[in-house]
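Order of the sequence lines sets the chain letters (A, B, ...), proteins ahead of strands, with each chain counted from 1.
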Amino acid sequence: MVNGYVPASLQEALEIRAGQDVIPYAGGTDLMVKRRPDAQYLFIGRLPELRQITEDENYIHIGAAVTFTEALADPRVPALMKAAVSRIGAPAIRNAGTFGGNVGNASAKADSVPVEVAADAKLRLISLRGERVVEIESFYHGHGTHDLGPDELIAEILLPRTGLDHWYYEKVGGRSALAISRISFASVFDMQEDRITKAAAAFGAVSDTVLRFRDLEAMLIGRSVAEAKDMKPAYLRAYDERLQLTEGRVSAQYRKRVCLNLLEDSLRTFGI
Amino acid sequence: MDTISQSVVRKDHGDKVSGRSLYTGDYAPEGMLFGKLLRAELARARVLRVHVPALPEGYYYVDAKDIPGDNNVNMVLDDSPVFCRETVEYIGEAIAMLCGPDEETVGRLLSACRVDYEKLEPVIRLDEAHESFFDYTYSQGDTEKAFAEADKIYDEQFETGYQEHAYLETQAMTAEPEADGRMFVHGSLQCVYYVRNALQRVLGCGPEGVHVMQDVTGGAFGGKEDYPSVLGCQVAVAALKCGKPVRCVFDRREDMACSPKRHPSRCRYRVSVKDGRVTAMDVDIRFNAGAYSTLSAVVLQRGMISAPGVYQIPNTRIRGRAMKTNTVPCGAFRGFGAPQTFFAVEMMMDHIARDLGVDALTFKQAHLSRQGDITSTGGRYHFPVPLPDMIRETEALCDYRRKKEEYQKPQTGRFRRGIGMSLQFHGGGFTGSGEQDIIKAVVRLRKERDGTVEILAASGEIGQGVRTTFSKIVAQELGLPLERIIFEYPDTALVPDSGPTVASRSIMVVGELLRRAAVKLRERWADGEVQEVEERYRAPDFMIPFTIDHFAGDAYATYSWAVMTAEVEVDTLTGMIRVLDACGSFDVGTPIDRNIVMGQMEGGFLQGIGYASCEKIASDGTGRIRGASFSDYLIPTAMDVPQLRCMLHVESYPDGPYGAKAAGELPLVGAPAAFLEAVEQALGGVSLSHVPFTAEDAFSVLMKGGEG
């Protein structure tokens, strides 16, 4: 038996969330596998309020219950996000799996999260108390834990509308489909007036949380391509020192060398 | 195409695709008790005491003391116990079974059981194993002399890992005491008579005391050859004690951790070469048998007989040992010992050719066996060996030589390619004189008054299509429509012992018996009468008698042949290996239903690629199987081999039905060598020696600058 609530509206969902110990459920591709007979679920996957993709001046808002398949079909969703999402599971899983679920599951292996981290995405969290918008990076505390209050729900993911045209994405799985990431890597690069304004690199599935090192990125910010080229060996060395990775289905050493290879290759594609 | 080869709708198709088929776990649970096994947590230990919680009414604890007969499951050496003896010999060995009407309660009681152990020193790794269950040696010619006269001697070691069957339906058996005192055991299995024979011994009864039926079975691949005898005895002993039906269905983790797997192997090949030809092979094969001997004797024999591959090697000395370790027992798996040695010999030939500076395929072709040549055991290849034609066909299909040359040039980009080809055979049926001396297959056909004909044979449908292909053979010979032929899931109370559903023997051996029986029935056909005919196995006259003591004579009546290629692309940034193309030419004689045979060829090929690449499972230092789940143990998906092209080359066999030979196992055997040869080329001509070969393995070769 599955015990749970099927709220008719977001308001009702928030009321249940505030009053009961429930696990938010949107898609359930992980929760089904980790089925807990003693748990109560809050089925929010069909709430219309959470299934929208909208835009404002600065952000694309992807509702927490938007599925990966829906996002892949939407012209507003950036190509970088599509590159990552298209490699998740297999069609049936992408039909069910949602953006909110991928974030809320708090796994460093979640394939949409490195993109969100590299893109400086934000999360809008809501509760009966109101709402707050947090940086995706600060949302995670460590393996399996995050900053979602017991009465809160993830409402939407906010992706910047601009600055995501130059991107790089790679996933290393044990096979070509239905594979949990062993390494994932997303990077975003931008320039204004011949100066590098963004060189974000996010490493997924290699540690307790998705990794990003803003202080190392700063080595390239404000520089010209030629200067960045000169800086490249020191930049790669710095990552080599900072990437302290965990062993999993593959060794920590393998993860590290592949991460550095991908980082270097991404610079190459950006002309550095 | 022969009429018999034209594809029909499978007999099991409708029920399976519509969900009407009842698998063991689908039968109504009313009145049934659920059994769960208490399993050892240490690889080797004396069991001092089991603390069982107070059991509610209707719940039972069953162990070795409840066995009325003897605590040995009938296989080869009969060393596998039903429930453990004084010691447990591997993690997961069954100590006892808890049974009761509510499955969750049984689970709770099971986790409340505590076992006191006296820990004993286990042997975990193959290279530290010192006790062998079996140790055979056979030889031909004068190996010492050949080595003494050699221009060069090569000495290499090859390793293969476990492989998990990954059938869709896990191990599942039910035992039901019947009103007349018989024990009825049914479940997911390949060999009804193996289970029946095991039950007789454990229950201490005659053949009249027990009968065994196959339920609809969701895949097997060899994994349900011996193990259902173990589980069948466990549920039967429990059902006898409880006086009620008892069912046990494994969950996936339990199945992967505790049921048999393919034997990991380590093969050392010493090979002498004189004037550019291989003159001798001295081969030392070690298989990791696990804690009990199960079927290791026969798995090892087939591996040893296949050790020189498809080649004519004048002098051979082959030693094979099945080593005992305190790990899960290994058993039968599609290919049955041959994939391990074929992998080794194909890689060895490849490495020697590279060292000699000659093309590997040309080198292999110069050593090919031909019709009339002697086999590794001094038998004869009595029938044509179509490998030269099959090589030509496969080369043409995948543009082999051009690609091999192109990929030989230095590659500098991110993605690097390679192509490999392997050659192999699979001997049809039981090894040696097994068919004649041990199995002695019997089949019957029973004609009803209305003219329908029922096949009475013990072969089980395990997805290979035998319900359909047997029916086609009988229908063809009697000139009847397929619907008039009935072939139900076998029950030992109703069908004679036509032998186990193993060794790619069903069509070639049992199918031919059915054809002959059908001829007999046709000749005696009388409308409106009930008629029954019987046919018994007899070895073909041409066979040279085989003695296992000396590994001498015809190990197999005939051989099926395969040529397989794989083309791969390695990503130098990540080590990931993508199979771009996989081609095969397979000679299984006349296909009895083309679709079914092609399904076997493609499925086996892909299963072999998985074995060579992503399918990795291991026991850790404590002897525990790691990665016993489908998120850790990755079998290839269709996305992993986008292009898989199989062809049939028909060299018909006069003693098989309409010319059919063995089919089921052949396509797996050569896949690992084809794959790894391709990877060797993509990595710049390194010498590799183990499977599974993963992205991380490829990456470490790249990091070392291309040294295997």
Side-chain angles (χ1 to χ4, degrees), chain A residues 1 29-30 32-38 86-94 107 109 168-185 187 203-206 236 240 245 247-269, chain B residues 103-105 107-108 166 251-253 413-415 568-580 606 609-618 620 626-644 692-705:
Chain A
M1 268 302 280
T29 56
D30 273 299
M32 273 187 262
V33 179
K34 298 178 197 150
R35 190 171 65 95
R36 280 172 43 190
D38 56 327
S86 68
R87 301 283 306 275
I88 293 176
I93 287 175
R94 294 195 291 269
S107 166
K109 300 182 177 81
Y168 185 97
Y169 180 79
E170 201 69 59
K171 165 174 174 164
V172 176
R175 62 183 167 198
S176 304
L178 286 168
I180 296 167
S181 283
R182 290 170 175 178
I183 300 163
S184 62
F185 175 77
S187 66
F203 304 85
V206 293
L236 291 172
D240 194 345
L245 308 183
E247 173 144 340
R249 292 175 173 99
V250 290
S251 72
Q253 180 64 12
Y254 169 67
R255 281 181 160 157
K256 182 165 182 167
R257 300 322 307 177
V258 171
C259 283
L260 290 169
N261 276 352
L262 296 174
L263 181 67
E264 186 177 7
D265 194 55
S266 74
L267 288 185
R268 200 175 300 127
T269 61
Chain B
E103 201 170 358
E104 279 184 27
T105 306
R108 266 201 305 281
D251 67 33
R252 183 62 64 180
R253 198 168 280 279
R414 172 173 173 181
F415 297 100
V568 304
E569 184 175 80
V570 177
D571 181 346
T572 55
L573 295 183
T574 62
M576 283 202 289
I577 304 165
R578 203 154 66 89
V579 177
L580 301 173
L606 193 52
I609 289 173
Y611 175 43
S613 57
C614 55
E615 295 188 26
K616 192 169 184 176
I617 196 164
D620 66 13
R626 308 299 295 192
S629 77
F630 275 143
S631 51
D632 287 305
Y633 188 79
L634 303 180
I635 57 175
T637 67
M639 291 285 284
D640 293 284
V641 183
Q643 187 161 264
L644 186 59
F693 195 83
T694 63
E696 188 169 359
D697 291 326
F699 194 78
S700 67
V701 172
L702 289 161
M703 290 299 289
K704 282 188 279 180

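Within the 4.5 Å cutoff, no side-chain heavy atoms of B/Arg578 are placed close to those of B/Asp571. Contact of the A/Arg94 side chain with the A/Thr29 side chain is not registered, since no non-hydrogen atoms from C-beta on lie closer than 4.5 Å.
Residue A/Arg182 touches chain B through its side chain alone, counting heavy-atom pairs closer than 4.5 Å. Neither the backbone nor the side chain of B/Arg626 comes within contact range of chain A, judged by heavy atoms closer than 4.5 Å. Residue A/Gln253 does not touch chain B at all, counting heavy-atom pairs closer than 4.5 Å. Neither the backbone nor the side chain of B/Thr694 has a heavy atom closer than 4.5 Å to any heavy atom of chain A.
Ranked by non-hydrogen atom pairs under 4.5 Å with chain B, the options A/Ile183, A/Ile180, A/Val172, A/Leu260 are led by A/Val172. Comparing B/Asp632, B/Ile577, B/Thr637, B/Asp640 by how many heavy-atom pairs each has under 4.5 Å with chain A, the most go to B/Asp640. In terms of heavy-atom pairs under 4.5 angstrom with chain B, the leader among A/Val250, A/Val33, A/Leu178 is A/Val250.
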> Hey, mind stepping through A/Arg36 and A/Asp38 against salt bridge (Lys or Arg N to Asp or Glu O under 4.0 Å) and telling me if it holds?
Replying inline: CA-CA 5 Å; A/Arg36 280 172 43 190; A/Asp38 56 327; 3.8 Å; yes
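Taking the six-membered ring for Trp and thresholds of 30 and 60 degrees, A/Phe185 and A/Tyr168 have ring planes more than 60 degrees apart, a perpendicular arrangement.
The CG atom of B/Leu573 lies 8.5 Å from the CD atom of A/Glu264; values are rounded to the nearest 0.5 Å.
The local environment of CE in A/Met32 is crowded, with over 12 non-hydrogen atoms from other residues, nucleotides or ligands closer than 6.0 Å.
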